[in-house]
Q: 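The following block contains the structure, expressed as structure tokens.
The sequence lines fix the lettering, A, B, ..., with proteins before strands; numbering per chain opens at 1.
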Amino acid sequence: MKLLALVDCDNFYASCERVFRPDLKKTPIVVLSNNDGCVIARSKEAKAMGIKMGVPWFQVKEAYLAQGGKVFSSNFALYGDLSKRVMNILDGMVKRIEIYSIDEAFLDLQHIQNKNQAYEFGVYCRNTIRQWVGIPVRIGIAPTKTLTKVASHIAKNTNDGTGVYCLKKQKDIFHILQTLPIREIWGVGHNLSRQLNQLGIYSAYELAQMDIRFIRKKFSVVLERTVRELRGEPCIQIDDHSEPKKQIVVSRSFRDRIESLSELKSLISNFAVRAGEKLRHEKQKCSQVSVFISTSRFNKQLQYRGFDSFQLPCPIDDTRSILMGANKVLNTIFKHGYPYAKAGILLSQFSHPAFIQKSLFETTDQLHLKQDENLMQTIDDLNSIHTQIYYASQCSGGLSPIQKKMVSPKYTTNWWELPTTK
DNA sequence: TCTGGGGTCCTAGGACCC
DNA sequence: TCTGGGGTCCTAGGACCC
């Protein structure tokens with residue numbers, strides 16, 4: 001039987017903050033979202049204090065700090081860099097790896113014959129990452145991706161301290177699924193678990209016993225795959241060649257509400273510029289530019305969501321054309337008198353530059369579109385280290401006036417913030 | 001007062017083709 | 001009055017993930 005492994009970093013953002021602050025080894029740590037709005041990561045100690053994932057910071061701030069907890073604004077430069085280091089190590093250990101998220105990767109253990117070897121490999125993996133990067137990981141090993149998630153879940157709670165769990169024998173699998181609520185299964189979210197509960201299905205074991213045809217008919221092929229995977233039948237393959245992106249989103253919530261069109265325009269311009277950089281980095285061109293603006297979903301009195309798209313006559317990757325499209329959409333969806341809390345831009349309908357369908361009769365100039373690869377390349381180069389070239393419609397202050405009061409240094413990605421020693 | 005950001009996949013339905 | 005059968009492509013919306 002083929003085995004897969006899921007390597008999952010423990011409380012990743014909180015662990016990253018600890019790498020350069022060993023003094024915080026036992027201290028509760030939480031990391032906040034942009035604008036220091038919500039809690040998006042918690043150390044084990046913070047979890048034990050009852051701090052929930054996604055809770056608004058202002059609700060728990062006082063009690064948490066009073067108990068000696070430590071808080072950080074999010075520092076994605078640091079997390080991204082440490083993630084790369086972890087993934088590089090894993091990449092060197094196996095032939096096939098799928099980097100699933102910033103803190104998770106699936107490994108193909110095709111070179112491993114039996115359960116004991118798999119376990120030893122897991123321990124070796126974990127120790128190496130711990131020693132080389134300083135990040136603790138847990139490892140779940142099983143025949144299918146869905147079961148590696150289950151195994152990783154158990155690895156979190158084992159008392160032997162290895163953080164590695166191998167789930168292989170059918171008897172063990174069923175035994176564990178019996179005590180696992182369906183909401184904990186990878187691929188079963190809030191909605192599905194509610195619907196399944198209504199049918200009297202509560203444990204992963206009960207779900208695994210369901211009739212496949214019934215699940216397919218009543219739900220979808222997605223849940224069917226989950227059921228099969230719980231039974232040990234691999235349906236979701238390791239995807240080790242990253243597909244090109246299909247859409248790019250840049251969006252932010254605002255610290256203060258915004259009512260004026262001109263202010264929104266300059267913020268959307270900032271988003272558009274960043275989206276253009278991402279698009280060119282992906283080596284893609286887009287044919288559709290969408291913009292959305294919305295009031296706070298917690299403001300019950302005054303709610304509005306605007307969304308619309310602009311179809312470009314041919315695929316482009318020039319920021320000036322993206323700005324033009326974004327501006328047009330914003331003008332049509334903007335309504336006066338609303339306190340806007342969030343906005344964003346979405347680029348879609350990508351085509352690879354090698355296969356661009358050009359207009360038969362008109363040049364990009366005649367279509368009133370700007371497209372100049374050399375200019376964009378030059379600007380990207382100039383801005384790569386430190387932004388030097390701005391578009392006239394942009395505003396200063398980055399993507400949006402974001403508040404990050406408690407951000408740690410960019411220890412590994414900025415010369416001026418390297419850790420020092422006395 | 002203050003509530004994140006960035007993705008993917010699947011399905012149903014409509015438009016259109018021969 | 002009677003009006004086929006088999007496709008593709010696109011989009012919106014809903015579900016999920018971290």
Q: Looking at A/K61, I want to see if its NZ is surrounded by more than 12 non-hydrogen atoms of other residues, nucleotides or ligands under 6.0 Å.
A: no
Q: Between A/V7 and A/L107, does a side chain to side chain contact (heavy atoms under 4.5 Å, CB included) hold up when you go through it step by step?
A: CA-CA 8 Å; A/V7 181; A/L107 311 182; 3.8 Å; yes
Q: Considering only atom P, compute the distance from B/dT3 to C/dC18 and round it to an integer number of Å.
A: 25 Å
Q: Which of these passes salt bridge (Lys or Arg N to Asp or Glu O under 4.0 Å) with A/D10: A/K47, A/R18, A/R138?
A: A/R138
Q: Tell me the interatomic distance from A/D36, atom CG, to B/dT1, atom P, rounded to whole angstroms.
A: 19 Å
Q: Among the candidates C/dC17, C/dC16, C/dC18, find the nucleotide nearest to the side-chain atoms of A/N191.
A: C/dC16
Q: Indicate, with a heavy-atom threshold strictly under 4.0 Å, whether A/L192 touches base, sugar-phosphate, or nothing.
A: sugar-phosphate
Q: Does B/dA12 have a Watson-Crick or wobble partner in any strand here, with both distances under 3.5 angstrom, and which is it?
A: C/dT11
Q: Assign A/K145 to base, sugar-phosphate, or nothing according to its heavy-atom contacts below 4.0 angstrom with the strands shown.
A: nothing
Q: Can a side-chain donor-acceptor contact be found between A/Q311 and A/Q349 if the only test is distance below 3.5 angstrom?
A: yes
Q: Going 5' to 3' along nucleotides 3-13 of chain B, which nucleotides have protein heavy atoms under 4.0 Å from the base (write B), which only from the sugar-phosphate (write S), and which from neither (write -)?
A: BSSSSBSSS--
Q: Go through residues 301-311 of chain A and report each residue with a non-hydrogen atom lying under 4.0 Å from DNA chain C, sorted by number.
A: none
Q: Count the heavy atoms belonging to other residues, nucleotides or ligands that lie under 6.0 Å from CD of A/Q388, then report whether that count exceeds 12.
A: yes
Q: Verify whether the ring centers belonging to A/Y340 and A/F334 lie closer than 6.0 Å.
A: yes
Q: Does A/R42 use its side chain to pair, donor to acceptor, with the backbone of A/I51 at less than 3.5 Å?
A: yes
Q: Hey, does A/Q349 reach any base, or is it just sugar-phosphate, or nothing, if we go heavy atoms under 4.0 Å?
A: sugar-phosphate
Q: Take atom OH of A/Y124 as the centre, draw a 6.0 Å sphere, and report whether it contains more than 12 heavy atoms from other residues, nucleotides or ligands.
A: no
Q: Just how far, in rounded Å, is C1' of C/dA15 from NZ of A/K218?
A: 16 Å
Q: Expressed in angstrom and rounded to an integer, what is the separation of A/R194 atom CZ from C/dG14 atom P?
A: 13 Å
Q: How close or far is atom P of C/dG14 from atom CG of A/L223, stated in whole angstroms?
A: 19 Å
Q: Starting at CG of A/L230, measure out to NZ of A/K149 and round the result to the nearest 0.5 Å.
A: 13.5 Å
